[in-house]
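Remarks on the structure that follows.
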Amino acid sequence: MTAPAEAVITVKDLVKKFGSFTANDHLSFEVYRGEIFGFLGANGAGKTTAIRILCGLSVPTSGYIRVAGFDAFTEAEKIKKHIGYMSQRFSLYEDLTVFENIRLFGGIYGISRKAIRERAEELLETLQMQAVRDTLIGRLPLGWRQKLAFSVAVFHRPGIVFLDEPTGGVDPITRKQFWEMIHASAADGITVFVTTHYMDEAEYCDRISIMAEGRIIALDTPAALKKQYHASSINEVFTRIARNA
Amino acid sequence: MKKFLGFVRKEFHHIFRDRRTLLILFGMPVVQLLLFGYVIVNDLRNARIAVLDLASDQVSREITGKIISSGFFRLVTYLESERDIHEVLKQGQVREVIIFEKDFARKLQSDGRAAVQVIADASEPNTARMMVNYTQGILMSYTLERNRNLPQAAAIIPEVRMEYNPELKGVYMFVPGIIAMLLTLICTLLTSIAITREKELGTMEVLLVSPLRPVQIILGKVTPYLLLSLLNAMVILLMANLVFGVPVVGSVVLLLAMTMLYILTALSLGILISSLTGSQQVAMMISMVGLLLPTILLSGFIYPIENMPLWLQAICHVMPPKYFITIMKDIMLMGNGLMYFWKEAVVLLFMTAVFIILSVKKFKIRLS
Amino acid sequence: MEDISIQICGIGKSWGKVRALHDIRLEIGKGELFGLIGPDGAGKTTLIRILASLLLPGSGTASVEGYDVVKDYRKIRDITAYMPGRFSLYQDLTVAENLSFFATIFGTTLKENYHLIRDIYVQLEAFSNRPAGKLSGGMKQKLALCCALIHQPQVLLLDEPTTGVDAISRAEFWEMLRRLKTQGITILVSTAYMDEAALCDRIALIQEGSILKTDIPSAIPGDYPRRLYAISAKQMYRLLKDLQQMPAVFTAYLSGQHIHFSLNPDFPEPGLIAMLLEKSGHEGIQIREVVPGIEDSFIALMKGESV
């Protein structure tokens, strides 16, 4: 992060209300190109609502939100085209093979057949998964699936990729490898926006924000936050913030 | 017992909080009945008739006028002779022919009685019955009106003849049919869904590791549906009677007893389905495709079984609703007693026993 | 360990060709808080279900409080409480209705055993009329725990109770388990979160159906086979890649803000590494030796090293 920071996500006074309930209360933050941005918060703090808005799946009540250069109110469809998304709950179709999944998602984002084939081979080589090219996803170990799901999420080379609790339940080695992939993508200039319940993963991020009760309570680099809260780990910072909320 | 009642209470909570279930339970009977009723009433509005007026006097013309102006019938043609009757009926030009005998007015005056012949095309029995009923109704009201102004009462005797399907097979069939269909739907579909839902949500795991016995779980599941089905059957019968005038000729107690028997058959089938499958979707598919459609198509409810190819008839014979519909028809329409349909009742009892034995054998006290 | 609560003797289980569990042997003492630590698919759920009498073991035997999990399954269902990994309460029933339902089917009442769950239930009481499906993740787990405890079980089997639950609720949940332990309840809990291992009395690390190691949490890293270092520099990702390329480096992986690495036996000094890295243009290099954590041990064990 040496070059002057260019914001790819700009959020100013984002408010989302459901009836009388305010899920997001005047959120303001920026995420810069090539950054790994950790989006933390307790269950029910309003993370999911905010991510849905940033991905163009939900319309905010008010505020100024630009993602990948597009307005969240008027250009939601364009946002969807320029981002990647992966979550633990849904990633790939279990009854399709590895290659069929890649082809499907490549096709959804309008990549030509030829480009899909080329990039798919490249991807399989990087992941060392050529041998399982025609294996059903459902037969692969969870760790492989997660890595593949991430690769598919960035297959159309989006500017930003949203990862919603991507590493739940995978073994520590796979988790490390997964984060290596995230770092590699970030080094390639893809912005990574990630949520997680693993506090040690939060330490991998360039910057993190912590939400509580619909508001962003803290936003800085992990080191700065630890200093500010006189804590030895992000877990401690998180606990202190959530307890006070 | 306390455990069991607690379970039943929970089950009622589920039912009353789920709109889908509620809709099927209480919306379905009303909609089905009205749907069938509506089709019939609608048909009658345009019923085409022909008149053969051998008398051609004032009274016959007055009656003809009344029939046409009732709005239920449309006069297509006046026939010249009796030879034409079959011609127009066969060609489907008209559905009913009304024949006034010679010297109609004079006979009514002097003998105090005269005959009107009503010949209906009964190949569509429901419509035929309705047409005849309405024709008779009009004749009746005409007679009453006429008698009010006369010192001496006179009677118009309708002589009804059904052509092509004289026994009126299928008349009123829709009521036993609907009851069978709804009971199948509620008991089998809803029960199998209710049990598989617990499997799908993972709550079955928790029930299994509790001291509840399989019997308690199953009975707890079906008891609310048993009660609600019985209530439903009564509502349908009552509605059929009040709205469409479908009679219950035989014993109501016997009718309810047989309904109970069929409910048990359907419930045990529902439990069997649910113990064979793990997902609500599959349970629903089996209940719908494997049960509901055959109930409608293969139970003699809409299509007469006699007209089916032999292999299809064979399938019909293993469909529980077929036996129930036969029993219902016997009691409701013919007023027959147990001695007429004990065979069907035994078949249902046998099926129920088989389903229950299979379910208990298949019910898993463990996962997979 | 004088009083054994759960005894597992050579339990194996296969699904077709897939081996879910292989020759598991464990003894868990009465009143122990025992952690089964491993990733998804390691066989944790299968093992817990076998103990809960929900699955038949393929081979071997197991007993809970002296009752065989196959023969005496009815008895086991009386004295144990099992909380499945997936939230398995009735979402359309309210908090209070769920509780009273589970009390009823175990032949007790909420009143009778209220003292057992008081500590946990006070946090839920304000929501007693809310449907369980509308609770937050942490609240759901608390309710599930209440429902599991309502019949005063001797043994509590918890399958990944903290998965998908935020860090605060997780911490609270573990506090509750510690308190329950003081009442003498034996608790077997599985988790994929390595950092929760330290909260157990003893743990077993499980991977691909086999137990890698069983010990008290603080003893496990003590057997780590090499010296472990933490390194950081300005460009972390490049640093990681460079380290992984070096022949001297045995293993290197991300760990929080640092990279953990260990060296091949022939290269005992990390100083050389720092020099090499500096030469290849890294800035702000900091290296220090660290005490291996559970996760470091797990990674070493997974790679087939004897720890």
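Excluded from the calculations below are hydrogen atoms, water molecules and symmetry mates; all remaining heavy atoms, backbone and side chain alike, are included. A note on names: the letters A, B, ... follow the listed sequences, proteins ahead of strands, and every chain is numbered from 1. Given the structure is predicted, the values throughout are model-derived calculations rather than measurements.
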Shortest non-hydrogen pair, C/Ser190 vs C/Asp159, comes out as OG-OD1, 2.9 Å

Per-residue contact mode, C/Leu89 against chain B (heavy atom under 4.5 angstrom): backbone

Chain C heavy atoms under 4.5 Å from B/Glu198: which part of the residue, side chain, backbone, both or neither? side chain

Exactly one of C/Glu172, C/Glu196, C/Gln141, C/Arg170 clears side chain to side chain donor-acceptor pair (under 3.5 Å) with C/Thr162, and that residue is C/Glu196

Looking only at C/Leu93, C/Asn98, C/Asp78, most heavy-atom pairs under 4.5 Å shared with chain B are made by C/Leu93

Quick check on C/Phe101 against chain B: is it the side chain, the backbone, both or neither that has a heavy atom closer than 4.5 Å? side chain

Might you confirm whether atom CD of C/Gln91 has over 12 heavy atoms from other residues, nucleotides or ligands at distances under 6.0 Å? yes

Residue B/Arg213 excluded, over 12 heavy atoms near CZ under 6.0 Å: no

When you look at CD of C/Glu112, are more than 12 heavy atoms from neighbouring residues, nucleotides or ligands closer to it than 6.0 Å? yes

Which region of B/Leu208, side chain (C-beta onward) or backbone (N, CA, C, O), has a non-hydrogen atom less than 4.5 Å from a non-hydrogen atom of chain C, or is it both or neither? both

Heavy atoms only, distances under 4.5 angstrom: which of B/Arg9, B/His13, B/Met204, B/Lys10 has the most pairs with chain C? Name it, please. B/Lys10

